[in-house]
Amino acid sequence: MVDAVVGVLLDKLLALLVREGQQLLEFDSQFNKLKDELCYMQGYIKEADRMRRNEGREILKLVTRDLRELVYDAEDVIADCYIEFMKLHDGHLLNIVSCFSPRVLKYRRKISKRLKKINQRIEAVKEKMGSYLPAAPSTITSREKESTTLSRYPILLEEADIVGLEVDASKVEKWILESQEPSTIIGIVGMGGIGKTTLARKICNRNRIKSSFQHIIFVTVSQNCELEDLLKRMLIKMNVDEKSFRKKEVEDLLEILKEELGDEKYLVVLDDVWGNERSWWDSLKSALPRNLECCVIVTTRIENVARTMGAIEKRIHRPKILSDDDSWSLFSKIAFAWNEGKYPNSDIVGLGKEIVARCKGLPLAIRVVGGMMLRKGHSVSEWRRILEHLKEALAEEKTGELVMLSLELSYEDLPTYLKPCFLCFSMLPEDHLIGVHDIVCWWIGEGFVSETNAKTTFDIGREYVVELCNRCLLIGEHDRFERNIVALKIHDLVRDMAIKIARDVNFTSLDERGTPELSAESRRVVIKNVESTRAKNSKAKSKLRMLWGLDIETQVISSKNLEPRKLKRLRVLIARFHSNQEQIIIKDWLYGITSLLNLVSLSLENCMVEQLPDSIGNLHNLQLLTLSGFDNLEMLPSTITKLDKLIVFRIIGCASLTCMPEDIGRLSKLERLQWLPYANSSQKVSSRIGQLKNLGQLTVLHVEIENQNYLQELILNVLSELKHLLRLGISFFPYYGSEGDASFSKLNHLLSPLQCLEKLTLNFYPGESTPVWLNPTSLPNLKFLCIYFGSLRYMTPEFWEGNWKIEALNLKDLYGLEEEWIMFLRAMPSLRMVRVSRCAKLKSFPLDVTQHDAIWRK
């Protein structure tokens, strides 16, 4: 299969050369030649990716291997040119052609030589292609045109919505509810792809189960289980504040878990357990109180594992493959989602049932093939092509290879722009859950997200997420409130396939088990600690473009391979530091990373430093910046406002931070701003609210403000200028409680209608009544309204005037709210879901909301 990155980077390079052509093409004739050669390569690769003949495959792999290196080298040359001339012009790429200083002339000669060598290498690659492969066509087929458009179908099945599991779920549910023993152990055992995890989730979502247990804790164990990490994830699932146990040892975590469970009923699901259970299970078991009617479910491929952990024969369930009817039902829900699950004609149904038969009742294979067929619509030729491919590949009828084959076929069918995005998941630890925001920042940083005039790169990245989930290659964790995907993970079998392909096309350096290998040749690496990363010291310049550190300690960044001076090609840097870190080392490292002038995406978490270096303003290519958990950070350097390409700026949980940058309004390209330091900040934070009106491209804004004056500034002078705003969150700190600033309720200024706003969140609102601007006229397209905590007692009359378009309403910890439930129903005819928690005075609400969450659905 053709290299996933080559096609994407070719498109990116050509777009860059065209967009900045006046600057670069006149700089040196070699740039013009490079552009022409890349155009040829682009057309050839798009045709080569459709080749199905085996005799061309090996040659094609060799050609694309050479081409991959050429594309990377060409991008590096262009990047070096930009950086050099930005240095000359204080961060602005101006008058390249007119620079004739000795330094510039010397640099131009150097670049010209590099370009000439690249063009000569391209000529050599073309000669190989001409000798061994057929000529590329001059036109692009209709199939290629179809593949460049994202499908517009809604998010498909959640993991627990798979058909054919009702009988199995009822059987295990009966075991759980009828057990009178303390801490019953139940095993769900079967081969990979049979649906063990799906069944366990379906059981947890059954109403009788949810109403029978105070705690339902679902955690994935995987092959390399670390007890400390497992315990922390369990506590987070129980809504225990993460800060309260961040620096605790394993013994302390076990005690906290035991105390939190107490005498209450619990159901714990330990998903995907392998053969190392003795190293952690005895310790975990000691923290699970032996309360009557409590239960632990273990899912595993190895029956002896379930038995070792305490499951007896009559409490072991072995899922079977799906029946023909259930297989077809599951396939239809996915493949015909564009037609509400109904097949369009008899020709398609005949081909479809043959395809389903080849999947042999394995749910994972059916889902993946169904996701692939979703884009085929009613094209009989495409359905027949896939069927013939399956027949050919499965000639030997080896069921054990069936899932992997269906996965590889689905990968080959991906459009070019999705392939590198998918392969990123080959690098994540097994069963790792990654936030959608984090993965999209990664994709943007590496240039995998194509730009359009109609949508922001972030929105396009989120569409890529939906597309990969619809193809069932990724599993999405859904926010049921907004019906969107907030986090992602990958099935372990799908991960195995991704690792195999990533190694084959040199996407990343991984050994046979997926362990990252850090060397001068590595371009992407995810590391957790020194031991989990195979390091090869080298004097050569690093080619690393993406570095992600998970809970890293200071000895990791002290590694010679990670010295910033060696990482000049880095585009994406994500570092989450372990709580035990030496501040001096971290501070020195931060100063070092400000010299990484190619950085596009930077995310740092849990740094204990008191300040950032002023030189951060040198990162002129930076587009995405997240600072989280900087507990000691008191002020941002003023130079941060020189980052004029910034589109995402997030400050989360930096408790000591006292002020926004003074000229934050200079960041005119910002699309998403989240300023939530969670602090009793000084007035400087809010006093600069007025500058936000200059950020006319904002689509997402979350801010903290302190009193009525700053709220008026936000409402009157800022929001009316933000024409593209879709999501707005306002948090009020410090919170004054029921004796708070009563003047908030007197804020009667009307807000100019925010035509685009879809979601509004108010945290710790101190007023007893909603502000007058919270009404259907000012917010005509509001779909999601969240009000958390505060002194709210009632809504103003304006709130009830007219019909809201609100679809989902979330009211939490509003102890004084005395409104009638029927009023909300009348004012919000489109309401489909309401989540209410601890609003004891809400009148006539049909569910108990005194202590726990209650969800109402239409």
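Basis for what follows: all heavy atoms, side chains included, without hydrogens, waters or symmetry-related copies. Throughout, numbering of the chain's residues begins at 1 and tracks the sequence.
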With no hydrogens and no angle check, is any side-chain donor or acceptor of [X] less than 3.5 Å from a backbone partner on [Y]?
X      : Y      : result
Gln214 : Lys265 : yes
Ser656 : Asp631 : yes
Gln674 : Ile652 : no
Asn632 : Met608 : yes
His478 : Gly476 : yes
Asn291 : Glu264 : yes
Glu671 : Val700 : no
Asp663 : Gly665 : no

Is any side-chain heavy atom of [X] less than 4.5 Å from a side-chain heavy atom of [Y]?
X      : Y      : result
Arg206 : Ser170 : yes
Val436 : Asp438 : no
Arg650 : Leu676 : no
Leu612 : Leu633 : yes
Trp675 : Ile651 : yes
Tyr464 : Val440 : no
Ile689 : Val718 : yes
Leu762 : Tyr788 : no

Derivation of the side chain to side chain donor-acceptor pair (under 3.5 Å) call for Ser628 and Arg576
CA-CA 9 Å; Ser628 176; Arg576 187 177 72 202; over 6 Å; no
Relative to the ring of Phe481, is the ring of Phe784 parallel (under 30°), tilted (30 to 60°) or perpendicular (over 60°)?
tilted
Give me the atom names and distance for the closest heavy-atom approach of [X] to [Y].
X      : Y      : value
Phe218 : Thr197 : CZ-CG2, 4.1 Å
His432 : Leu550 : CE1-CD2, 4.1 Å
Arg838 : Asp813 : NE-OD1, 2.7 Å
Ala287 : Leu261 : O-CD1, 4.0 Å
Glu820 : Ser844 : OE1-OG, 3.3 Å
Thr641 : Pro661 : CG2-CB, 3.6 Å

Can you spot which of Phe845, Trp804, Trp856, Trp800 makes a ring-ring contact (aromatic ring centres under 6.0 Å, His included) with Phe824?
Trp800
Hey, is [X] close enough to [Y] for a salt bridge, meaning N to O under 4.0 Å?
X      : Y      : value
Arg201 : Glu477 : yes
Glu166 : Lys202 : yes
Lys455 : Glu463 : yes
Lys843 : Glu818 : no
Arg233 : Asp229 : yes

Distance check, rounded to the nearest 0.5 Å: [X] atom [atom1] versus [Y] atom [atom2]?
X      : Y      : atom1 : atom2 : value
Ile855 : Lys210 : CD1   : NZ    : 7.0 Å
Thr457 : Ile647 : OG1   : CD1   : 3.5 Å
Ile475 : Leu468 : CD1   : CG    : 12.5 Å
Leu809 : Ile787 : CG    : CD1   : 7.0 Å
Leu760 : Ser778 : CG    : OG    : 11.0 Å
Leu754 : Leu719 : CG    : CG    : 5.5 Å

Give the intermediate values and the outcome of ring-ring contact (aromatic ring centres under 6.0 Å, His included) for residues Phe789 and Phe764.
CA-CA 5 Å; Phe789 310 100; Phe764 296 100; 4.8 Å; yes
Regarding His724 and Gln697, do their side chains bring together a donor and an acceptor under 3.5 Å, going by distance alone?
no
Please check if any side-chain donor atom of Tyr266 sits under 3.5 Å from a side-chain acceptor atom of Ser183, or the reverse.
yes
Intermediate values then yes/no, side chain to side chain contact (heavy atoms under 4.5 Å, CB included), Leu625 and Leu627
CA-CA 7 Å; Leu625 176 61; Leu627 303 176; 4.1 Å; yes
Between Ile236 and Phe245, is a side chain to side chain contact (heavy atoms under 4.5 Å, CB included) present by the stated rule, with each step listed?
CA-CA 10 Å; Ile236 290 172; Phe245 59 78; 3.8 Å; yes
Establish, for the pair Arg672 and Phe649, whether the NZ or CZ atom is under 6.0 angstrom from the six-membered ring centre and no further than 45 degrees off its axis.
no
Are more than 12 heavy atoms, taken from residues, nucleotides or ligands other than Arg208, located less than 6.0 Å from that residue's CZ atom?
no
Give the intermediate values and the outcome of side chain to side chain contact (heavy atoms under 4.5 Å, CB included) for residues Leu726 and Lys759.
CA-CA 7 Å; Leu726 296 174; Lys759 182 177 181 180; over 6 Å; no
What do the steps show when you test Arg727 against Glu758 for salt bridge (charged side-chain N to carboxylate O under 4.0 Å, His left out), and what is the final call?
CA-CA 6 Å; Arg727 306 167 76 85; Glu758 295 181 354; 5.6 Å; no
Using side chain to side chain contact (heavy atoms under 4.5 Å, CB included), reason through Val240 and Leu257 one step at a time and then give a plain yes or no.
CA-CA 9 Å; Val240 178; Leu257 177 62; over 6 Å; no
Side chain to side chain donor-acceptor pair (under 3.5 Å) between Ser731 and Asn763, worked out
CA-CA 4 Å; Ser731 296; Asn763 280 304; 3.2 Å; yes
